[in-house]
2 protein chains.
Amino acid sequence: MSFPSYSSPQSISIGHLAKRTGCKPETIRYYEQIGLLGEAKRTEGGQRRYSEATVQRLTFIRHARDFGFSIEAVRELLNMVDSPLTDCQQIDAIAKHHLREVESRIQRLEALREELQRMVTQCSGGSVESCRIIEVLSNHRLCQHQEVHGGASDLR
Amino acid sequence: MSFPSYSSPQSISIGHLAKRTGCKPETIRYYEQIGLLGEAKRTEGGQRRYSEATVQRLTFIRHARDFGFSIEAVRELLNMVDSPLTDCQQIDAIAKHHLREVESRIQRLEALREELQRMVTQCSGGSVESCRIIEVLSNHRLCQHQEVHGGASDLR
DNA sequence: TTAAGACCTATAGTAGCTAGAGGTTCAAGG
DNA sequence: CCTTGAACCTCTAGCTACTATAGGTCTTAA
């Protein structure tokens, strides 16, 4: 698949492109800057003007980002889309890799959820001295899931 | 609860503190810089020296971070721990808020996982032109979960 | 005394944007 | 044709939570 350039109005402003794709203009300029989008044509006054092809490309980018693909993964996917020789398996590999990452994040978050639930249900009210939550946070041994240690912080 | 300062060796170097808490020295200096840890005592030559109380405090911080609490949440928790008047309910509220966030992240990731699974299982091999993954990423309507749109990218 | 290793500060980099300042261009209405 | 206001431009800094580097200093054991 490649993005067709219809013989249609090649004069979409950055604001209109933004509205049609759900991006902000700043984000579009940023994508150009990091090379996800090529350099746009410009008016004599220097403003960017886009074609329908860019609407398609940006829609793809936004959608892939919504799916949680990293910018670098999106860049790879776009490179594949841009070259007609690409074998579908390469794309499949990226998607599967991403799927595995999502699955592992879910697992770790579930362990975290259980610990938090235990923590919260055991808190019976009172002053800080006897707070179960503080106690658990102060003492690793009160934890049941090893998964929690050494890293839920990168799960945000 | 407060962190007791035992009458023990008040001369722990940043490297030893790091090893005992599982932090890196850079991180410890960073925590000092942003005010999670107070300014450390220094040797005549200017190197930081810590007490057992700091080991406890940093252990608490690391553990809370492992639980996915943000730095700002940790700061709040520490403020509460530092003031003996704090009611346990305030701490409970922070923990519950965090729990709800974790739960919502799990939900969104599960929707994402299902979409990715559908995507991957439908990819039957072949060239880019007919790749189901690319097709789905190009076209919102092929998606079943609304949750995916407008945001899994902040789930990392 | 010397040399290795740990430490110091300051700065920049990571991801993926977002926000602001301060100035220019475009397009519609009069 | 002229004005006006919205949209656009570039450049820079900010966000989270660190991590990494450079270039220099201190400590400590042999």
Side-chain angles (χ1 to χ4, degrees), chain A residues 9 11-37 39-50 54 58 61-78 98 101 105 150-156, chain B residues 9 11-37 39-50 54 58 61-78 98 101 105 150-156:
Chain A
S11 58
I12 303 165
S13 73
I14 197 168
H16 285 106
L17 178 61
K19 261 167 206 150
R20 288 187 55 186
T21 57
C23 274
K24 296 185 180 179
E26 293 83 4
T27 309
I28 297 171
R29 285 190 282 260
Y30 172 71
Y31 286 164
E32 179 181 314
Q33 195 188 309
I34 63 170
L36 278 196
L37 294 176
E39 290 188 24
K41 274 173 289 182
R42 304 280 187 137
T43 61
E44 283 187 21
Q47 300 196 355
R48 291 170 178 83
R49 287 297 178 265
Y50 298 94
T54 308
L58 187 51
I61 294 172
R62 279 310 323 163
H63 205 184
R65 293 286 303 126
D66 282 350
F67 269 88
F69 287 95
S70 70
I71 290 283
E72 284 318 303
V74 175
R75 198 189 296 277
E76 284 187 68
L77 290 170
L78 283 170
H98 184 47
E101 278 186 352
R105 257 180 273 159
S153 52
D154 64 328
L155 297 168
R156 278 243 291 286
Chain B
S11 58
I12 303 166
S13 72
I14 198 169
H16 285 105
L17 179 61
K19 261 167 207 150
R20 288 187 55 186
T21 57
C23 273
K24 295 184 181 178
E26 293 83 2
T27 308
I28 297 171
R29 284 189 282 260
Y30 172 70
Y31 286 163
E32 179 182 315
Q33 195 188 311
I34 64 170
L36 278 195
L37 294 175
E39 290 189 24
K41 274 174 287 182
R42 303 282 185 136
T43 61
E44 284 187 19
Q47 300 196 355
R48 290 170 180 83
R49 288 296 179 266
Y50 298 95
T54 308
L58 187 51
I61 295 171
R62 279 310 324 164
H63 206 182
R65 294 286 302 125
D66 282 349
F67 269 88
F69 287 95
S70 71
I71 290 283
E72 283 319 302
V74 175
R75 197 190 297 277
E76 283 187 69
L77 289 170
L78 283 170
H98 184 47
E101 279 186 352
R105 257 179 275 160
S153 52
D154 66 326
L155 296 169
R156 279 242 288 286

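Only this structure's heavy atoms are used, side chains among them; waters, hydrogens and symmetry mates stay out. Letters A, B, ... mirror the listed sequences (proteins, then strands); counts begin at 1.
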field: Nearest heavy-atom neighbours spanning B:Thr21 and B:Leu17
entry: OG1-O, 2.8 Å
- prompt: Closest approach of B:Pro25 and B:Ile14, non-hydrogen atoms and distance?
  reply: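 The pair with the smallest heavy-atom distance is O-CD1, 3.7 Å.
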- prompt: OP1, OP2 of D:dA17 versus side-chain N and O of B:Thr27: anything below 4.0 Å?
  reply: no
query: So, is A:Arg75 close to the C:dG16 phosphate, meaning a side-chain N or O under 4.0 Å from OP1 or OP2?
result: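 No, A:Arg75 has no side-chain N/O under 4.0 Å of OP1/OP2 on C:dG16.
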- line: So CZ of B:Arg65 and SG of B:Cys23: to nearest 0.5 Å the spacing works out to 10.0 Å
- request: Report the distance from atom NE2 of B:His63 to atom CG of B:Leu77, rounding to the nearest 0.5 Å.
  value: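 Spacing of NE2 (B:His63) from CG (B:Leu77) equals 12.5 Å.
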Whole-Å gap separating [atom2] ([N]) and [atom1] ([X]):
| X | N | atom1 | atom2 | answer |
| --- | --- | --- | --- | --- |
| A:Ile28 | C:dG16 | CD1 | C1' | 15 Å |
| A:Glu44 | D:dC9 | CD | P | 16 Å |
| A:Lys24 | C:dA19 | NZ | C1' | 9 Å |
| A:Ile12 | C:dA27 | CD1 | P | 14 Å |
| A:Leu37 | C:dC17 | CG | P | 12 Å |
| A:Lys41 | C:dT25 | NZ | C1' | 19 Å |

message: Can you list everything that forms a salt bridge (Lys or Arg N to Asp or Glu O under 4.0 Å) with A:Glu72? Sequence neighbours excluded, please.
response: A:Arg75
message: Which residues pass the side-chain hydrogen bond (donor to acceptor under 3.5 Å, both in side chains) test with A:Ser13, not counting sequence neighbours?
response: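 Expected list: A:His16.
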- request: Could you tell me which residues satisfy side-chain hydrogen bond (donor to acceptor under 3.5 Å, both in side chains) with B:Glu26, sequence neighbours excluded, listed by chain and number?
  value: none
Could you list the donor-acceptor pairs under 3.5 angstrom formed by side chains in residues 27-35 of chain A, with sequence neighbours left out?
| from | atom 1 | to | atom 2 | distance (Å) |
| --- | --- | --- | --- | --- |
| A:Tyr31 | OH | A:Arg62 | NH1 | 2.9 |
| A:Glu32 | OE1 | A:Arg48 | NE | 3.0 |

field: nucleotides 5-15 of chain C: protein proximity per nucleotide (B base, S sugar-phosphate only, - neither; heavy atom, under 4.0 Å)
entry: --SSB------
Review item, nucleotides 20-23 of chain C N/O atoms under 3.5 Å of protein N/O:
none

message: Donor-acceptor pair, distance only, cut-off 3.5 Å: does the side chain of B:His98 make one with the backbone of B:Phe67?
response: yes
